[in-house]
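Working notes for the structure below.
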Amino acid sequence: MHNTESLVHAWRIDDREYRRQEERRGRRFAYTSFEPTRTALVVVDMVPFFVDANPYARGIVPNIQHLADRLRAAGGTVAWVLPARTERTPVGDEFHGPEAAEMFRNSGGSGPLPGRLWHGFTLGSDDVLMEKSAPSAFFPGRCPLPELLQERGIDTVLITGTVTNVCCESSARDAWTLGYRVVLIADANATGRDQDHNATLHTVYRSFGDVRSTAAVLAMLEEQVTA
């Protein structure tokens, strides 16, 4: 029987990390507001290859959809980023093993991009879809996302998707390096285990961006819309 279970990570950041940032900058979170029209929701690798196999990935679908709907309505950008089919390399075969390397090369599926997304999403007419040929959606030359966001005057990115500690963390790190205000959405990212998920939340919060819940981000968005 096909597994349709959905789970939500028991996510947390240690109080000592919150205290560390509060002592450093005088507040818990770096970014206390954002301009919706200068904000992009970046959805990483939510394709059947990853979502079918992971109940935590299925568990974040509603949160990603809520964020997409609200940000889109407020004039922001929603970007769906899918794995590209890359060339086979000796290093990939050596690292993963030939069979696993071939499996990962084809993880994004084939055909038109909208049809390759997980079926539980509803896209907007102005959403953008693109492929990436590296773990990070922001690695120069491997994904058109940075150039597109620059054209739209985006300064803040909300990172969501799977898996937390690989492509999502890589995207958050590179987005920070490129000068974006980074917010990793704690309950809209997913990996296989809570401890791996929380390790990434710790790393990002400490060095690369804020870590917020879906509810907190929606509240921030509502404040901007009604201001």
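When atom types are taken as modelled, the side chain of Asn54 and the backbone of Tyr56 share a donor-acceptor pair closer than 3.5 angstrom. Under the 3.5 Å distance criterion, the side-chain polar atoms of His197 are matched with a main-chain donor or acceptor of Ala186. Judged by distance alone, with hydrogens and angles left aside, the side-chain atoms of Asp194 form a donor-acceptor pair with the main-chain N or O of Ala10 at under 3.5 Å. At least one donor-acceptor pair under 3.5 Å links the side chain of Arg58 to the backbone N or O of Val51. Judged purely by atom type and a 3.5 angstrom limit, Arg181 has no side-chain atom pairing as donor or acceptor with the backbone of Asp155. In this structure a side-chain-to-backbone donor-acceptor pair under 3.5 Å is present from Gln65 to Thr122.
Note that NE2 of His9 and CG of Asp187 are 10.5 Å apart. Values are rounded to the nearest 0.5 Å. Rounding to the nearest 0.5 Å places CD1 of Ile185 at 10.0 Å from CD1 of Ile64. From Asp210, atom CG reaches atom CG of Leu201 across 12.0 Å, with rounding to the nearest 0.5 Å. Taken to the nearest 0.5 Å, the OG1 atom of Thr203 stands 8.5 Å off from the CZ atom of Arg206. Expressed to the nearest 0.5 Å, how far CG of Asn198 lies from CZ of Arg193 amounts to 11.0 Å. Here the straight-line distance linking atom OG1 of Thr39 with atom CG of Leu221 works out to 8.0 Å at 0.5 Å rounding.
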Test Arg72 against Asp127 for salt bridge (charged side-chain N to carboxylate O under 4.0 Å, His left out), laying out the working first.
CA-CA 8 Å; Arg72 186 188 300 123; Asp127 292 0; 2.8 Å; yes
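Of all heavy-atom pairs spanning Ser171 and Pro135, the tightest one is OG-O, 4.0 Å. Nearest approach of Gly161 to Ile60, heavy atoms of both residues: O-CD1, 3.5 Å. Contact detail for Arg116 and Gly111: the closest heavy-atom pair is CD-O, 3.0 Å. Taking both residues in full, the closest heavy atoms of Leu145 and Ala137 are given as CB-O, 3.7 Å, listed atom of the first, atom of the second, then distance.
Among residues at least two apart or in separate chains, there is no side chain to side chain donor-acceptor pair (under 3.5 Å) pair with a member in residues 140-150.
Taking hydrophobic clusters as Ile, Leu, Val, Met, Phe, Trp and Tyr residues chained together by side-chain heavy-atom distances below 4.5 Å, Val157 shares a cluster with Leu218. Linking Ile, Leu, Val, Met, Phe, Trp and Tyr residues whenever their side-chain heavy atoms come within less than 4.5 Å leaves Val217 and Val8 in two separate clusters.
The neighbour count for Trp176 CH2, taken as heavy atoms of other residues, nucleotides or ligands under 6.0 Å away, does not exceed 12. More than 12 heavy atoms of other residues, nucleotides or ligands lie within 6.0 Å of NE2 in His202, so this atom counts as buried by the packing criterion.
Inter-residue side-chain proximity for Asp52 and Trp118 is flagged as met; some heavy-atom pair is nearer than 4.5 Å.
Residues satisfying the side-chain contact (heavy atoms from CB on, under 4.5 Å) criterion with Arg152, sequence neighbours excluded, are Thr77, Val128, Leu148, Ile154. Judged as a salt bridge (charged side-chain N to carboxylate O under 4.0 Å, His left out), and not counting sequence neighbours, Arg27 has no contacts.
Results of the side-chain contact (heavy atoms from CB on, under 4.5 Å) test with Asp174 over Phe139, Phe208, Tyr180 single out Phe139 as the only residue that passes. Between Tyr205 and the options Tyr31, Tyr18, Trp11, a ring-ring contact (aromatic ring centres under 6.0 Å, His included) holds for only Tyr18. With Thr191 as the partner, the side chain to side chain donor-acceptor pair (under 3.5 Å) test is satisfied by one option alone out of Asn165, Thr164, Asp196: Asn165.
A cation-pi contact links Arg212 to Phe29, judged by a cut-off of 6.0 Å to the six-membered ring centre and 45° from its axis.
Checked for salt-bridge contact, Glu23 and Arg19 miss the test: no charged N lies under 4.0 Å from a carboxylate O.
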